[in-house]
Amino acid sequence: MELPCGETLGVHDIDLGVREYDCPCGDAHAVVTDVHPLGRFVPEFLADVLRETIDTADEFDEFTTAHVMGIVTEEFPDAVVSEDVSDDGQVGYSLVWVTDFDSRRLHEVVVELIVELMEHAISHADSEDAVSEFEEWMHEFDVSAFVEQYRAERDFESEHDSAV
């Protein structure tokens, strides 16, 4: 697959544990596969809420990492490339995305977009109190600090990473 920087990367070179690719261009690119859980980006309780509340109108039974990456691709079309490798039984995944961002920046982008999605959903609530309360929480929410803490708790550099 041709990366946003113009370099190429073979899909067989992407193993399921890879979250970032150190490219010959000198940059690191985030790597996401469809088998990476939503918990890669947000705590499991929030992933559960997203799966329970968002109806999907596609081949997926529930809201997944594929949907999140679709949102990222929609917002940053020139910064994300993807490949459908569902016909290749040797790779262990069906879809792969590689971004122009490193994995930390992608994490921040995903959290920002999920917050926007939640803000949109709450704006349709019948309760002005709920909308106001959510807006107050969001004014206090620091995406960068959240990502820093979450990544530290998740231990992304180890094969022993587990959901929180």
Side-chain angles (χ1 to χ4, degrees), residues 1 3-4 9-23 27-77 79-122 134 137-138 141-164:
M1 64 191 303
L3 304 179
L9 174 63
V11 295
H12 291 105
D13 296 328
I14 301 171
D15 125 342
L16 292 176
V18 171
R19 291 188 176 89
E20 193 166 76
Y21 172 66
D22 290 324
C23 186
D27 290 337
H29 302 291
V31 176
V32 180
T33 67
D34 60 330
V35 297
H36 290 161
L38 285 173
R40 171 178 173 176
F41 301 108
V42 295
E44 277 306 310
F45 80 87
L46 182 54
D48 289 343
V49 168
L50 293 169
R51 285 188 290 266
E52 291 170 15
T53 57
I54 298 175
D55 290 326
T56 59
D58 54 27
E59 68 273 13
F60 297 97
D61 294 333
E62 61 188 11
F63 189 76
T64 67
T65 300
H67 296 100
V68 167
M69 290 309 297
I71 297 168
V72 172
T73 302
E74 188 175 304
E75 289 292 317
F76 301 95
V80 181
V81 295
S82 62
E83 192 78 29
D84 181 344
V85 291
S86 54
D87 292 337
D88 187 338
Q90 297 180 0
V91 292
Y93 51 86
S94 296
L95 297 167
V96 60
W97 298 265
V98 180
T99 72
D100 206 24
F101 321 119
D102 64 14
S103 62
R104 178 180 171 70
R105 177 65 187 132
L106 174 63
H107 197 158
E108 290 176 347
V109 165
V110 167
V111 171
E112 289 166 359
L113 292 172
I114 288 174
V115 167
E116 284 180 24
L117 184 68
M118 291 168 33
E119 283 177 325
H120 177 76
I122 200 75
F134 183 81
W137 288 341
M138 289 303 98
F141 184 68
D142 182 334
V143 170
S144 184
F146 167 81
V147 168
E148 184 69 32
Q149 181 180 354
Y150 192 70
R151 292 174 73 82
E153 288 178 18
R154 287 295 307 265
D155 186 21
F156 283 117
E157 300 305 317
S158 164
E159 69 275 8
H160 303 293
D161 173 41
S162 61
V164 292

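The chain is numbered in sequence order, starting from 1.
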Checklist line | Listed partners of Val143 passing side chain to side chain contact (heavy atoms under 4.5 Å, CB included), at least two apart | finding: Glu108, Val111, Glu112, Phe141, Val147

Notebook entry, point to check: With sequence neighbours excluded, what pairs up with Ala28 under the side chain to side chain contact (heavy atoms under 4.5 Å, CB included) test?
Noted result: Glu20, Asp22, Asp102

Next item on the list: Would you mind listing every salt bridge (Lys or Arg N to Asp or Glu O under 4.0 Å) that reaches into residues 80-100, with sequence neighbours excluded?
Entry: none

Note to self: Taking CD in Gln149 as the centre, count heavy atoms belonging to other residues, nucleotides or ligands within less than 6.0 Å. Is the count above 12?
What the structure shows: no

Check: CG of Asp142: more than 12 outside heavy atoms within 6.0 angstrom?
Finding: yes

Checklist line | Any Val91 side-chain heavy atom under 4.5 Å of Thr33 side chain | finding: no

Check: Hey, does Ser103 have a side-chain heavy atom less than 4.5 Å from the side chain of Arg151?
Finding: yes

Can you list everything that forms a ring pair (Phe, Tyr, Trp, His ring centres under 6.0 Å) with [X]? Sequence neighbours excluded, please.
X: Phe134; answer: none
X: Phe101; answer: Phe76
X: His12; answer: none

Next item on the list: Taking all non-hydrogen atoms of both residues into account, name the closest pair between Met1 and Ile14 and its distance.
Entry: SD-CD1, 4.4 Å

Next item on the list: Determine whether the side chains of Arg105 and Thr99 contain a donor N or O and an acceptor N or O closer than 3.5 Å.
Entry: no

